[in-house]
Amino acid sequence: MKFSLIANDSKSNARAGFIETDHGIIETPIFMPVGTIGSVKAVHIRDIKESVKAQIILGNTYHLYLRPGLETLKGAGGLHKFNGWDRPILTDSGGFQVFSLAHRRKITPEGVTFQSHIDGSKHLFSPERVMDIERVIGADIMMAFDECPPYPCEKDYARKSMHITHQWLDRCITHFDKTEPLYGHHQSLFPIVQGSVFTDLRKESAEHIASLGCEGNAIGGVSVGEPIELMYEMTELVCGILPKDKPRYLMGVGTPANILEGIGMGVDMFDCVMPTRNGRNGMIFTRNGIMNMRNERWKNDFSPIDSDSELFADLEYSKAYLRHLFTANEILGPMIASLHNLHFYLWLVKEARKHIIAGDFTSWKALILPTISQRL
RNA sequence: GGGGAGAUUCCAGAGUGGCUAAAUGGGGCAGACUGUAAAUCUGUUGGGCGACCUUCGGAGGUUCGAAUCCUCCUCUCCCCA
């Protein structure tokens, strides 16, 4: 994997570049659609490629390990072959499930024991095991196994959790170095900065991560319910410490506004379930603001969903029709909204990249931010 | 013609003397959602800011008090001829 920077914004820390992987180039800053179980929910892979124009998608180690399972993934020849996505894939390690499935897991120094949410069976996720699974999945970018602590969280706990994450990281790196890719393409390992909302812990974690010389670095433990100001504060602090010549990935973020702010701080990669999950729940993001498509106000609005968009669905379907699909609980509603939101997110980061290169990112961001954040 | 069942708030459907503006669904309206246990979850749904006012097919009655008991009326459904 190779990361190259082609432009730096003069008024902010935003930068534009590209990542070269064996499955193709990723232009940064980039948004990565989330495809937890090997599917970006409600959207065809073909549409992810041709309409959304995504350059990399996510998969999740925990979910894919439980279902379909390693035998199937190995039999398919890895996730790329299994789901038909031939571009880069990043897999989250299951660290987020340590947080989101907190009531059915137990953390020990060895790793985390999960009780499957599917059939109740017990599974040990150790750093070594997670590396093995991510090798089987075959992701171009493998995330280290971490603990994502909740918010709020006591500082003592945050410190302990961070140290466990660092220890696990050592074991991840050791095991990663000992193992080989299974399908002939290069895989990279990204470590994750933790430290909750405590500046000294974040600093310590970021410095530790920065010293390891990995191919890219991630900021985790954000967007878990903390005030947005704290998320920004932590992101800015950590970006100032992580190496400039490696991609920075802000995990789980976020709203369109969060992403633009993150880009301004020097983040290169984002992922979030928001465009798909909120889309399935009737919320769509546009360059003119945010709409709840279930609201009565769209009932007789026969104008296109988004006349500024180039997406076929945005032009061919009306707001009234999309509202009808949602109120009728018709599956096409979530499909259109998910497609639309992903297309918008990818448009947003592409536009940001364009303005970084053109040198007017900061003024463009200031101009667009209030508009895309408003409720319609 | 004979016998039986029933009419409840937008709909379906509980409730059978006071704790009932009335369970529960559905529908409607609104909100939440940030490395996905999510096509999920939450709130609200007679009027009024309020002490209160108007509601359970219609009219009358019993009672301190009725959607709930009685009388008549109107309408609906089922079974037998």
Side-chain angles (χ1 to χ4, degrees), chain A residues 31-43 56-64 66-67 90-105 114-120 130 134 139 141-151 165 190-194 218-228 230-232 235 249-259 261-262 267 269-285 290 292-299 323 325-338 341 345 375:
Chain A
F31 177 79
M32 309 180 283
V34 178
T36 307
I37 61 169
S39 148
V40 178
K41 292 184 189 296
V43 187
I56 171 173
I57 64 173
L58 261 67
N60 183 280
T61 302
Y62 171 81
H63 290 279
L64 289 167
L66 288 182
R67 199 162 54 189
L90 179 151
T91 39
D92 186 28
S93 60
F96 186 73
Q97 280 61 46
V98 179
F99 158 74
S100 67
L101 300 177
H103 61 288
R104 40 172 76 239
R105 54 73 170 157
F114 285 101
Q115 188 172 16
S116 161
H117 65 279
I118 299 167
D119 63 6
V130 168
E134 291 190 275
I141 299 173
M142 301 168 38
M143 299 309 298
F145 190 49
D146 66 331
E147 189 206 342
C148 178
Y151 179 87
T165 290
F190 280 24
I192 303 170
V193 174
Q194 288 292 349
I219 306 166
V222 293
S223 65
V224 288
E226 78 282 10
I228 292 302
L230 284 176
M231 184 180 94
Y232 289 152
T235 303
Y249 165 27
L250 184 61
M251 305 182 76
V253 173
T255 63
N258 292 162
I259 288 172
E261 297 294 5
V267 175
M269 304 161 72
F270 302 85
D271 80 283
C272 191
V273 303
M274 198 172 272
T276 43
R277 179 187 286 169
N278 288 32
R280 288 195 305 282
N281 293 330
M283 177 184 281
I284 70 170
F285 301 92
I290 300 166
N292 181 344
M293 294 316 298
R294 287 189 319 230
N295 286 172
E296 191 170 25
R297 59 172 304 190
W298 312 118
K299 190 171 186 177
R323 172 188 142 84
L325 294 175
F326 272 104
T327 55
N329 201 26
E330 167 61 40
I331 188 72
L332 186 57
M335 289 170 67
I336 293 171
S338 299
N341 281 344
Y345 268 61
R375 295 303 197 103

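The sequence lines fix the lettering, A, B, ..., with proteins before strands; numbering per chain opens at 1.
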- Counting side-chain heavy atoms from CB outward, which of A37(B), U36(B), G28(B) is closest to Thr327(A)? G28(B)
- Classify the side chain of Arg294(A) and the base of G31(B) as holding, or not holding, a donor-acceptor pair under 3.5 Å. yes
- Note on the structure: Exactly one of Thr91(A), Leu90(A), Leu58(A) clears side chain to side chain contact (heavy atoms under 4.5 Å, CB included) with Met143(A), and that residue is Leu90(A)
- Item | Nearest-nucleotide comparison on RNA chain B, the residue closer to the 5′ end among Asn295(A) and Asp271(A) | Asn295(A)
- Ile219(A) has an atom CD1; how far is it from atom P of U34(B), in whole Å? 19 Å
- Answer for the Watson-Crick or wobble partner of U9(B), both distances under 3.5 Å, is none
- Whole-angstrom distance between A7(B) and A38(B), as gauged at atom C1': 42 Å
- Check side chain to side chain donor-acceptor pair (under 3.5 Å) between Ser116(A) and all other residues, then give those that pass, not counting sequence neighbours. Asp119(A)
- Paired with A67(B): which nucleotide, if any, by Watson-Crick or G-U wobble criteria at under 3.5 Å for both distances? none
- Looking only at side-chain N and O atoms, does Gln97(A) come under 4.0 Å of OP1 or OP2 in A37(B)? yes
- With heavy atoms under 4.0 Å as the rule, sort Gly333(A) into base, sugar-phosphate or nothing. nothing
- Task: Sticking with atom C1', work out how far A21(B) lies from G47(B), rounded to a whole angstrom.
- Result: 11 Å
- Query: Going through the checks in order, is the ring-ring contact (aromatic ring centres under 6.0 Å, His included) test met by Phe31(A) and Phe270(A)?
  - Reply: CA-CA 5 Å; Phe31(A) 177 79; Phe270(A) 302 85; 7.7 Å; no
- Task: For G28(B) versus C73(B), give the span between their C1' atoms, rounded off to a whole number of Å.
- Result: 36 Å
- Tell me what Arg67(A) touches on the nucleic acid: a base, only sugar-phosphate, or nothing, going by heavy atoms under 4.0 Å. nothing
- Message: From the set A37(B), U36(B), G35(B), return the single nucleotide nearest to any side-chain atom of Asn60(A).
- Response: U36(B)
- Task: Please measure how far the P atom in G43(B) lies from the corresponding atom in G60(B), and state the result in whole Å.
- Result: 42 Å
- Task: For Glu330(A), report the nucleic acid contact type (base, sugar-phosphate, nothing); a contact means any heavy atom under 4.0 Å.
- Result: nothing
- Message: Go through it in stages, so that I can follow the logic: the residues are Val224(A) and Cys148(A), the test is side chain to side chain contact (heavy atoms under 4.5 Å, CB included), and I'd like the CA-CA distance, side-chain angles, deciding distance and then a yes or no.
- Response: CA-CA 9 Å; Val224(A) 288; Cys148(A) 178; 3.7 Å; yes
- Shortest non-hydrogen pair, Ser93(A) vs Ala144(A), comes out as OG-O, 2.9 Å
- Note on the structure: Between Arg297(A) and Gly254(A), the residue closer to the 5' end of RNA chain B by nearest nucleotide is Arg297(A)
- Task: Verify the contact: side-chain N or O of Ser223(A) to OP1 or OP2 of G35(B), cut-off strictly under 4.0 Å; return yes or no.
- Result: no
- Send over the distance from Glu226(A) CD to U34(B) C1', rounded to a whole Å. 9 Å
- Message: Rounding to an integer number of Å, can you tell me how far Tyr62(A) OH sits from G35(B) C1'?
- Response: 15 Å
- Query: Using a cut-off of 4.0 Å on non-hydrogen atoms, how would the nucleic acid contact of Ile192(A) be classed: base, sugar-phosphate, or nothing?
  - Reply: base
- Item | Euclidean distance, atom CZ of residue Arg105(A) to atom P of A37(B) [Å, nearest integer] | 13 Å
- Message: Between U16(B) and C52(B), how many Å separate the two C1' atoms, rounded to a whole number?
- Response: 27 Å
- Item | Counter-base of U62(B), judged by Watson-Crick or G-U geometry with both distances under 3.5 Å | none
- Residue matched to G57(B) through Watson-Crick or wobble contacts both under 3.5 angstrom: C73(B)
- Query: His63(A) and His117(A): ring-ring contact (aromatic ring centres under 6.0 Å, His included), yes or no, with the steps?
  - Reply: CA-CA 10 Å; His63(A) 290 279; His117(A) 65 279; 5.4 Å; yes
- Watson-Crick or G-U wobble mate for A23(B), both contacts under 3.5 Å: none
- Could you tell me whether Arg323(A) contacts a base, only the sugar-phosphate backbone, or nothing, with contacts defined as non-hydrogen atoms closer than 4.0 Å? sugar-phosphate
- Identify the heavy atoms of Thr61(A) and Asp92(A) that sit nearest to each other, and give their distance. OG1-O, 2.5 Å
- Message: Taking the C1' atom in each of G2(B) and G27(B), what is the distance between them to the nearest angstrom?
- Response: 42 Å
- Can you tell which of Val253(A), Ile259(A), Asn258(A) makes a side chain to side chain contact (heavy atoms under 4.5 Å, CB included) with Thr255(A)? Asn258(A)
- Task: Can you check whether any acceptor in the base of G31(B) is under 3.5 Å from a donor in the side chain of Asn292(A), or vice versa?
- Result: no
- Quickly work out the Ile336(A) CD1 to A39(B) P distance and round it to whole Å. 17 Å
- Paired with G1(B) by Watson-Crick or G-U wobble geometry, both distances under 3.5 Å: which nucleotide is it? C80(B)
- Task: Could you please name the partner base of U16(B), counting Watson-Crick and G-U wobble pairs only when both distances are under 3.5 Å?
- Result: none
- Message: Using a 4.0 Å heavy-atom cut-off, does Ser116(A) contact any base of the nucleic acid, only the sugar-phosphate backbone, or nothing at all?
- Response: nothing
- Taking OP1 and OP2 of A32(B), is either one under 4.0 Å from a side-chain nitrogen or oxygen of Arg375(A)? yes
- Query: So what's A32(B) paired with, Watson-Crick or G-U wobble, going by both distances under 3.5 Å?
  - Reply: U40(B)
- Task: Using atom NE2 of His117(A) as one end and atom C1' of A38(B) as the other, report the distance to the nearest whole Å.
- Result: 11 Å
- Message: Counting only side-chain nitrogens and oxygens, does Asn278(A) get under 4.0 Å of the OP1 or OP2 atom of U34(B)?
- Response: no
- Item | Atom-pair distance (CD1 on Ile37(A); P on A38(B)), nearest Å | 8 Å
- Touch class at under 4.0 angstrom, heavy-atom based, for Ile228(A) against every strand present: base
- Message: Please give the distance between the C1' atoms of C69(B) and C64(B) as a whole number of Å.
- Response: 16 Å
